[in-house]
Number of protein chains: 2
Amino acid sequence: MDSFSVPEVVVLRLPLYVRALSQLRDGGTDVVSSQQLGSLLQMTPAQIRKDLSYFGRFGKQGRGYNVRFLLHELREILGLDREWRACLIGVGRLGHAIINYPGFSPEGFKIVAAFDGDSDQVGTSIGGFKVRPMEDLAEVVNEMKISIGIVAVPASQAQEVIEKLIENKVKGILNYAPVAPQVPMNTVIRNIDPVLSLQSMTFYLR
Amino acid sequence: MDSFSVPEVVVLRLPLYVRALSQLRDGGTDVVSSQQLGSLLQMTPAQIRKDLSYFGRFGKQGRGYNVRFLLHELREILGLDREWRACLIGVGRLGHAIINYPGFSPEGFKIVAAFDGDSDQVGTSIGGFKVRPMEDLAEVVNEMKISIGIVAVPASQAQEVIEKLIENKVKGILNYAPVAPQVPMNTVIRNIDPVLSLQSMTFYLR
DNA sequence: ATAACTTTGTGAATGTAATCACTACTTAAA
DNA sequence: TTTAAGTAGTGATTACATTCACAAAGTTAT
């Protein structure tokens, strides 16, 4: 079950299952079929079963999946059974919104440090901690065991910042800058880019 | 060239080309080959040529593509040659960040109204206009010719808000709430969900 | 017990997307 | 003018993803 033997599209869907299962559990559902899960997520039961089959056999014929059990297994597969520490780079308007976003922490993603290249920002307080200069990155990433970098700098500085993160062994990057960054194979990058989303949407609205 | 004959993945990539071409133009480049564009965007030249071939023949053998011409054509294909008016639903922290985000407007996406279901928020000022109650939605969408709804309400209210938008003929939805909304076929929805992005990232970081 | 349902897991089949490889053309150099 | 190098556009091919369809197993009703 190494990472490369599982299609990436499948991995992208697992968090959807995790979220749906969490809701079902909170709603008091004990058992769910691929059928039900499928109608909840608007996908075919066969796809759900096939996706899960890459990782093991979690269901029971004639019955379905135990919600809590499957949820636990999927969280473990995704590595969500532990806390992930992240640092934020760029504390402008967007950076502020990110650090105050309440959705990360309950899912185990903790932002534990903030950096900015602009010396006017350094030293100001944000979300409970002081903004540090970029020069401190190596030290802080190492000491705080940070494995994820969240990039919220202007497009013009994004590639440079991302390279600096990679230099310091940060292997996961959540990029909010509107660019298509170049990263080595062993780095995982996810881009959050609402403008691109809108620009593909309008094709269908014309 | 109706929308359905073009694979959706292709449409999702067109904005990437638009962005790269804009940069090239700003940098003074007149002509670009699929080779160069490919290395800029980390994709194969063949894929770029094939993608473009769904819409027409824009290049010149032995030479490449005229940057300004291709950019113009792609913007037209995507419907980016006009202004798109959007309304924001939900003016909490996230809503504020969205309305103050400077990236939409230069690309032709204008937020022209804001709504909130919470009566405490209604009437307050944000980004230059007053927050309106949800009851005004029908009227405002109609009068201001709003075609896109940006949803920034808590997960628990998202589905309801989305249905209300659709009822009022809003055909495009940019959803920031962490849910998998159910929408009819003729509605285009794009989800912005950084937590999902992180949760699939960790699979590769474990 | 038995029969009628239900549901998983999975090879096989189908459908979709990416890449290859070649022709036709363009440009620039010899 | 001729030759060599470069490039778009595109059928054919290969690779990848989804769906089908069915055996095996569990569940519920009688």
Whole-Å distance, D51(A) CG to dT8(C) C1', equals 14 Å
In whole Å, what is the span from the CZ atom of R63(B) to the P atom of dT26(C)? 12 Å
Length of the line joining L52(B):CG and dT10(D):C1', which is rounded to integer Å: 13 Å
Is any side-chain heavy atom of F109(B) closer than 4.5 Å to a side-chain heavy atom of L80(B)? yes
Separation of dC16(D) atom P from Q47(B) atom CD, nearest Å, is 14 Å
Please give, in whole Å, the distance from dT26(C) P to N66(B) CG? 16 Å
Counting side-chain heavy atoms from CB outward, which of dT10(D), dT18(D), dG9(C) is closest to R57(A)? dG9(C)
Without decimals, in angstroms, what is the distance between K50(B) NZ and dA21(C) P? 14 Å
Could you please name the option among dT8(C), dT27(C), dC20(C) that lies closest to any side-chain atom of S34(A)? dT8(C)
Does Y65(A) make a side-chain N or O approach to OP1 or OP2 of dG9(C) shorter than 4.0 Å? yes
So, Q182(A) and Q159(A): side-chain donor and acceptor under 3.5 Å apart, yes or no? no
Let me know which of V188(B), V11(B), L78(B), I189(B) forms a side chain to side chain contact (heavy atoms under 4.5 Å, CB included) with M201(A). V188(B)
Check whether any side-chain N or O of Y54(B) sits under 4.0 Å from OP1 or OP2 of dA18(C), and answer yes or no. no
Within the pair R49(A) and dC20(D), is there a side-chain N or O less than 4.0 Å away from OP1 or OP2? no
When you get a sec, tell me which of dG9(C), dG26(D), dT26(C) is the closest nucleotide to the side chain of K60(B)? dT26(C)
Heavy atoms under 4.0 Å, any strand shown: does G62(A) hit a base, just sugar-phosphate, or nothing? base
So for Q61(A) and dT8(C), does any side-chain atom that can act as donor or acceptor lie under 3.5 Å from a complementary atom in the base? yes
T44(B) vs dT19(C): side-chain N/O to OP1/OP2 distance below 4.0 Å: yes
F55(B) atom CZ is separated from dA8(D) atom P, nearest whole Å, by 18 Å
Grab the CD-C1' distance between Q35(A) and dT8(C) for me, whole Å please. 12 Å
A quick test of your reading: do over 12 heavy atoms of other residues, nucleotides or ligands sit less than 6.0 Å from CZ of R63(A)? no
Is there a donor-acceptor contact under 3.5 Å from the side chain of N100(B) to the main chain of H96(B)? yes
